[in-house]
Every structure is written in structure tokens, then in C-alpha cells.
Number of protein chains: 2
Amino acid sequence: MSTPAPGVSSAAALSKSQQAYEWIRAQIVAGSFGAGYRLVLTDLADQLSMSVVPIREAIRQLTAEGLVTFERNVGARVARVDAEQYRWAMQVISVVESAATALASRHLTPDDLRTAREINERLRAGVGDAAPRALSELNQEFHRTLYGPCPNPRMLELVQREWERLGAMRHSIFTAVPGRAAISVAEHDRLLDLIEAEAPLEEVEEAVRSHRVNALTAFLTSTRGA
Amino acid sequence: MSTPAPGVSSAAALSKSQQAYEWIRAQIVAGSFGAGYRLVLTDLADQLSMSVVPIREAIRQLTAEGLVTFERNVGARVARVDAEQYRWAMQVISVVESAATALASRHLTPDDLRTAREINERLRAGVGDAAPRALSELNQEFHRTLYGPCPNPRMLELVQREWERLGAMRHSIFTAVPGRAAISVAEHDRLLDLIEAEAPLEEVEEAVRSHRVNALTAFLTSTRGA
DNA sequence: AGACACGATTTCGTATACGATGCACGACCA
DNA sequence: TGGTCGTGCATCGTATACGAAATCGTGTCT
């Protein structure tokens, strides 16, 4: 009944493979390991003070999730997301996240809605600021608040994963296009109204989806057209 | 410039980890390893004439994909899909497959449509038969024909994966409910008509989604209600 | 008879070792 | 001088080995 290792908070409870997985993944998500970064087994093993075996397993897992690419006898590197893949991923997100939000809408507490509105106000306040990263983070949080209560865990997982796959690139959406942020905030308002009015699920879903599609096309036209 | 191992067709080109992955996965998909089957490292290693290391990596990969579950210091087993997970997965499929079908509909060749109609006729002809497995396979093929040309590979991948995750259970949909198969065939016809008439993508999507939802609710009510 | 404790066995987790592969650099030849 | 071939190093791929955890069976005590 005694805790296995009192000194180590809870990390020791995980296998080294899992530790490696979590750590590498954290580095990727945080951006410390940018796209294309080479994941050399021995280096990682040294950094984490373990042998290469758990590292290899972690990398396998990350490969299966699409966060890293892998080439036989060459090695792994953090996945690059080119414009095409970006579009594909965003299309997937527009579909799955909207469905998740619709499913969640009936499970949102008044508290959730209040939180969402508050986040959106903070977004509105910060639209002019030169802190794109923070705004993008807020935007993510806004949407996560709305789809979080989705009772289908599988759907939630897909949404999360897809965002993670985009890596650092996911921050280019909200702020990349000059006038877009303000429009987004307005669309957020409308979405909240719909949910609060208990609009049909299809309408909620459609609202989220078109919100995403709008943002994506705005982004694409501004980068490609310019 | 010489082929590495003339005797071995092409399997030798893959790493043992990959061989193990493919093989185990094949067993699971084919049903040889049913839900709950214990994947013991040494056994698999012996069967495939390799050490346990590649096996472990393969299992990691399969775990990440959700085909097997894993418990530390206990081992891996083929994932069980209970009724709840089944519902969740089918809900995901209804969302993603319908989107994929809609996206594919503009890329379908007359040939694809002909093929789909032909498959549906074979389905119609076999509705009464006592070969549920074959019918289910045909049903899968029908839908695959329609979403296959979807230009978004990521979306396709998600659909495929989700079906695979259901494993053997995916065969219980089409034939489990007595009257359902005939209805499905009719809905297939309607779907083909919509596509051929170049109906708006939303209508195509909605048709596929409701088709899936209908099948699911029919299945759930017949199993739970009875 | 039933429950608990303890030991044997199975199986997993990780380290280490060594062969295989790819890549980069430099030498050699035309 | 340019290109090609060979050599060495970095890194990956897999096998083997050993310690650790869990499970199962057995014996004992109540």
C-alpha cells in the first residue's frame, strides 16, 4: 500500500516509454522542436537519461499519431505541414469540430456559456494588439470551451489530435489576415446566441463550420493571392 | 544496384517492426485475433521469427491507432468495442464519412457511379440471403466507392481508421436488424440519384449522414429494446 | 470450508551490444 | 577542374540479457 517512489511526484508511475512520449510530444507542441527538427535517438536518450529503446517506442507512437515523420534507416523528424496538408487538416477540423460543438451544445452549463462570452470579450479587447500568439491561444480556448462538453470522447480526441498535428501552424489562423479577427469575434457572438437560444443542432453545426471555412478561405486567399 | 534478397519478394524491404505491424494488424482485421485476444510478446516473436523488440514497437503503433489496448506490466490485447464505444465510433463515422462522400461526389466518374449502382443491385439481390458477412462487405464496398475519390486524404484516413477500429463489429450493422437491409438499399438508390443530379453538397452529406444514423438507431433499438 | 499469505512462473521493461545502412568527406582519375 | 569512387563516421535496426512487476497456484491458518 506504500507509494512506489515517494520522492518522485508521479512521473515514476509512468513507464520510461511513456515519459519519453510525453516529453517529446510536449516539446513539439510547445514549439521547442519545430517542424523538421531531427529526433536523434541517442541525443534524446541522453537528455532523458534512458536508453534508446523507450525513445524508439515513443517515436513509433508519435509517428502513428502523425506528429513526426519517419524514414527507415534515416530517422524521425517533427512533421512538416505544408500548405496542402494544412488545408486538409483544417477541412477535417471544420467538419469534426462543428459536429463536436453541436453535440456539446446541449450539455453546456450557464457557467460554460459565461466563460465563453468572457473569453470572447477578452478577444475583442485584444484584437488590435500585437500579441498574435496569445490571441490565437484565446481563440482556441473559446472553441474548446464550447466543444469540451461533447459527450463523445472519440470525437473530442479527433479534434484535439488534428489541432496538435498542425503544431505551431495552428497559430497562423486567427491573426494572419488583417481584418479577420474582428469578424471572428462577431461570428463567435452569433454562435453563442444560437446556442443560448437552443437553436437546432444543425444550425449550430453549420455556424461553426462556416466560421472555420471562412477563416480558412480568408487565410488562403490572403497568402496565396497576395 | 542488386536487390538485397532475391528470394524474398518484397517483404524484406520492410523493417521487421513494419512486418510485425502489418501482420498483427492483418490478423486483427481478418478476425483471427478477436476482441480481447492477448498479444503476448514472446509468442508473437516466435511466430514471426524475430525478437521481441520489433513486436513491441508494432504494438505501440497499434495502440496509438486504437486497435489494441495496453496495460503497463500486463500486456496488450485486441481492443474490445463495447456498445457505448460502438455508438461513439458510428457517430464519428456518420460525420466524417458523409463529409468525405460529399467532397468526393464532384470527383466521381460515370464509371464510379455505374460501379456503385451495380454493387447496390447485388445488395438488393442478396437481401434475403443468409450471408450477412458478404452483404456487409458489399455494403462497405458501396460506400467506399462513393467516398474513395475524396480529394482530402486525411479525411479518407479517418474514415478508414474508424471502420477498422470497429473490427469484427462493423459487420453487425447491415444485417443485424431484419427489415433494415432493404431500407438501406433504397436509401442507397436515393443517394446515387442525388449525386447524379449534382445536388448541393450539403444534401449529399445530409443523405449519407442520415443513412448512417438511421442504421445505427435501428440497430440500437433492436438490440437494446428487445 | 473459506480466506489469506507466500512462492514459482510468466511476462513485461529497459539496458547493452553489435551488425547494417546511409551520408559526407576526401582522394583519385580523366 | 570536374566527376566518380571509396572510406569513415553517424545513426539506425535488432538480438540478447537481466531485473521488475504481475499473476497463478498451493499451502496453511482460522
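Heavy atoms only: backbone and side chains are in, while hydrogens, waters and symmetry mates are out. Each chain gets a letter, A, B and so on, in the order the sequences are listed, and its residues count up from 1.
In this structure, the CZ atom of Phe70(A) is 8 Å from the P atom of dC12(D), given to the nearest Å. The CG-P distance, from Asn73(B) to dG13(C), rounds to 5 Å in whole Å. Computed from coordinates, the Arg77(A) CZ to dC12(D) P distance equals 11 Å when rounded to whole Å. The CD atom of Glu71(B) sits 13 Å away from the C1' atom of dT11(C) (whole-angstrom rounding).
No donor-acceptor distance shorter than 3.5 angstrom exists from the side chain of Asn139(A) to the backbone of Leu135(A), with no hydrogens or angles considered.
Put simply, Ser17(A) has a side-chain N or O that comes within less than 4.0 Å of OP1 or OP2 on dT14(C).
Paired with Tyr21(A) under the rule side-chain hydrogen bond (donor to acceptor under 3.5 Å, both in side chains), one option of Lys16(A), Glu65(A), Glu57(A) passes, and it is Glu65(A). For the salt bridge (Lys or Arg N to Asp or Glu O under 4.0 Å) criterion with Glu97(B), the lone passing option out of Arg144(B), Arg209(B), Arg212(B), Arg161(B) is Arg212(B).
Along DNA chain C, the nucleotide nearest to Val52(A) and the one nearest to Ala76(B) differ in position, and the one closer to the 5' end is contacted by Ala76(B).
For the segment residues 33-46 of chain B, no residue has any heavy atom less than 4.0 angstrom from an atom of DNA chain D. The stretch residues 55-65 of chain A touches DNA chain D through Arg56(A), each having a heavy atom within less than 4.0 Å of the strand.
When all heavy atoms are compared, the tightest approach of Val68(A) to Ile59(A) is CG2-O, 4.0 Å.
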Test side chain to side chain donor-acceptor pair (under 3.5 Å) applied to Thr115(B) and Asp112(B), step by step
CA-CA 5 Å; Thr115(B) 306; Asp112(B) 291 329; 5.3 Å; no
